[in-house]
Protein chains: 2
Amino acid sequence: MGNEIALFRSFISKKGLRNTPEREEIIKEIFSSHDHFDVDELYLRLRQKGSRVSKASIYRNIPLIMESCLIREVWHEDGHMHYEHIYGHGHHCHLRCIQCGKVIEFVDQDLFEIEKRLGTKYDFEILEHRLDVIGYCSECRQHAAAAGDRS
Amino acid sequence: MGNEIALFRSFISKKGLRNTPEREEIIKEIFSSHDHFDVDELYLRLRQKGSRVSKASIYRNIPLIMESCLIREVWHEDGHMHYEHIYGHGHHCHLRCIQCGKVIEFVDQDLFEIEKRLGTKYDFEILEHRLDVIGYCSECRQHAAAAGDRS
DNA sequence: ATTATTGTTGAAACTAAATTGCAATAGGAG
DNA sequence: CTCCTATTGCAATTTAGTTTCAACAATAAT
């Protein structure tokens with residue numbers, strides 16, 4: 001842990017771009033939590049810590065951080081994109097409760113099999129897969145049952 | 001085929017809402033093609049056929065059509081959401097070329113196994129799954145190789 | 001070290017997707 | 001047919017995300 005910064009630095013250098021304190025602050029903040037994030041939230045977290053990074057910079061840097069494979073888009077909800085950091089996480093997939101928003105991450109080996117099979121079948125060079133499984137978590141189901149809403 | 005309209009009508013009635021020609025035009029147009037669609041495209045297709053349905057109506061009705069399980073969001077790209085109709089399609093997953101945008105749809109039985117396993121393991125009531133497999137199609141790979149871009 | 005080059009920044013203006021307010025219209029129950 | 005109110009089109013609004021621009025600063029060249 002902690003060498004996401006080094007990785008991103010070298011990624012930036014290799015591209016002939018410049019390492020700036022703003023970029024470092026953004027990367028650090030992203031990896032300072034294990035949760036998913038969105039731009040607004042990240043911006044507020046940075047502000048709260050006294051950073052003066054602007055939203056424009058966050059928006060400008062996210063595509064770069066994605067290109068460096070440190071984060072990725074996970075879903076678009078409530079009118080904006082949500083991201084997660086993936087360095088050291090492998091291919092994470094999500095089990096999401098549609099009601100309370102709880103997210104459980106998992107990696108499933110069988111998915112790599114499916115991925116491989118599809119690649120061969122359709123002659124694709126696969127880069128990644130994203131599986132989103134959506135439903136009701138046990139808690140929300142209990143509440144709903146208690147309220148007599150659904151079966 | 002063709003009874004998506006009937007299904008939607010009864011869905012609307014059951015909710016105590018009203019069946020209008022606009023709603024019918026929208027549903028018909030969505031199901032008149034087998035492709036994915038977005039709001040703008042759908043709007044233009046309708047206009048081209050002489051319909052006077054407004055974009056606001058499309059935006060207002062999409063949540064209802066999703067609730068009726070006739071369509072669903074598939075991905076957010078180029079600044080807007082993309083949808084697909086799912087009635088009669090089962091759970092479709094996508095293999096997408098990141099370069100040319102080609103989409104291959106597939107259903108994989110093993111995913112239902114994974115889904116079931118996850119449901120049991122985490123005590124979730126699963127509603128659906130979405131698998132997006134992303135990579136380069138054979139054509140784009142050939143072009144890239146010819147251009148000497150990537151391996 | 002100093003300077004020159006040019007990528008990056010914050011702030012504000014802008015663009016486009018999606019939502020909403022409103023007056024007119026029209027389903028559909030009675 | 002009549003009434004109630006959901007729905008519509010249009011236009012205004014909101015908001016995520018992008019772009020412009022002048023000031024700044026990271027790096028390379030000197």
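Order of the sequence lines sets the chain letters (A, B, ...), proteins ahead of strands, with each chain counted from 1.
Between Glu67(B) and Lys15(B) there is a salt bridge, since at least one side-chain N of the basic residue sits less than 4.0 Å from a carboxylate O of the acidic one. In summary, Arg60(A) and Glu22(A) do not engage in a salt bridge, as defined by a charged side-chain N under 4.0 Å from a carboxylate O. Salt-bridge annotation for Glu128(B) and Arg72(B): present, with a side-chain N of the basic residue lying under 4.0 Å from a carboxylate O of the acidic one.
For dT8(C), the base has no donor-acceptor partner in the side chain of Arg23(A) [N/O atoms by modelled type, under 3.5 angstrom]. The base of dG21(C) is paired with the side chain of Arg60(B) by a donor and an acceptor separated by under 3.5 Å.
Atoms NE2 (His80(A)) and C1' (dT18(D)) sit 17 Å apart, rounded to a whole Å. Atom CD1 in Ile26(A) sits roughly 12 Å away from atom C1' in dG10(C) (whole-Å rounding). Counting to the nearest Å, the P atom of dT6(C) and the NZ atom of Lys15(A) are 19 Å from each other. In this structure, the CG atom of Asp38(A) is 13 Å from the C1' atom of dG17(D), given to the nearest Å. Spacing between atom NE2 of His76(B) and atom P of dT15(D) amounts to 17 Å, rounded to whole angstrom units. Glu24(A) has its CD atom 15 Å from the P atom of dT8(C), to the nearest Å. Protein atom CD1 of Ile62(A) is 16 Å distant from nucleotide atom P of dT8(C), rounded to whole Å. Atom C1' of nucleotide dT15(D) and atom NZ of Lys55(A) are separated by 9 Å, given to the nearest angstrom.
In the set dG10(C), dT8(D), dT8(C), the nucleotide with an atom closest to the side chain of Ser57(A) is dG10(C). Distance from the side chain of Leu17(B) is smallest to dT7(D) among dA17(C), dT9(C), dT7(D). Of the candidate nucleotides dG17(D), dG27(C), dG10(C), dG27(C) has the atom lying nearest to any side-chain atom of Pro21(B). Taking the side chain of Glu22(A) as heavy atoms from C-beta on, and the options dT9(C), dA17(C), dC10(D), the nearest nucleotide is dT9(C). Of the candidates dG10(C), dG9(D), dG17(D), the closest approach to any side-chain atom of Met81(A) belongs to dG17(D). Of the candidate nucleotides dT7(D), dA16(D), dC10(D), dC10(D) has the atom nearest to the side chain of Arg52(B).
Backbone-only contact: Val53(B) has heavy atoms under 4.0 Å from sugar-phosphate atoms and none from a base. Within the nucleic acid shown, Asn19(A) comes within 4.0 Å of sugar-phosphate atoms alone, with no base atom in reach, counting heavy atoms only. Using a 4.0 Å heavy-atom distance criterion, Asn61(B) is classed as a sugar-phosphate-only contact.
Positionally, the nearest nucleotide of DNA chain C for Ala56(B) lies more toward the 5' end than for the other of Ile12(B) and Ala56(B). Sequence order on DNA chain D of the closest nucleotides to Arg18(B) and Ser54(B) puts Arg18(B) first from the 5' end. Nearer to the 5' terminus of DNA chain C, by closest-nucleotide assignment, is the contact made by Gly16(A) (compared with the other of Gly16(A) and Ile58(A)).
Using the six-membered ring where Trp is involved, Phe106(B) and Tyr122(A) have ring planes that are tilted, between 30° and 60° apart.
A side-chain N or O of His94(A) and one of Glu84(A) form a donor-acceptor pair less than 3.5 Å apart. Looking at Glu105(A) and His36(A), their side chains do bring a donor and an acceptor atom within 3.5 Å of each other.
At dG7(C), none of the side-chain N or O atoms of Thr20(A) fall inside 4.0 Å of OP1 or OP2 (strictly under the cut-off). Phosphate proximity of dT18(D) to Tyr59(A): absent, as no side-chain N or O sits under 4.0 Å from OP1 or OP2.
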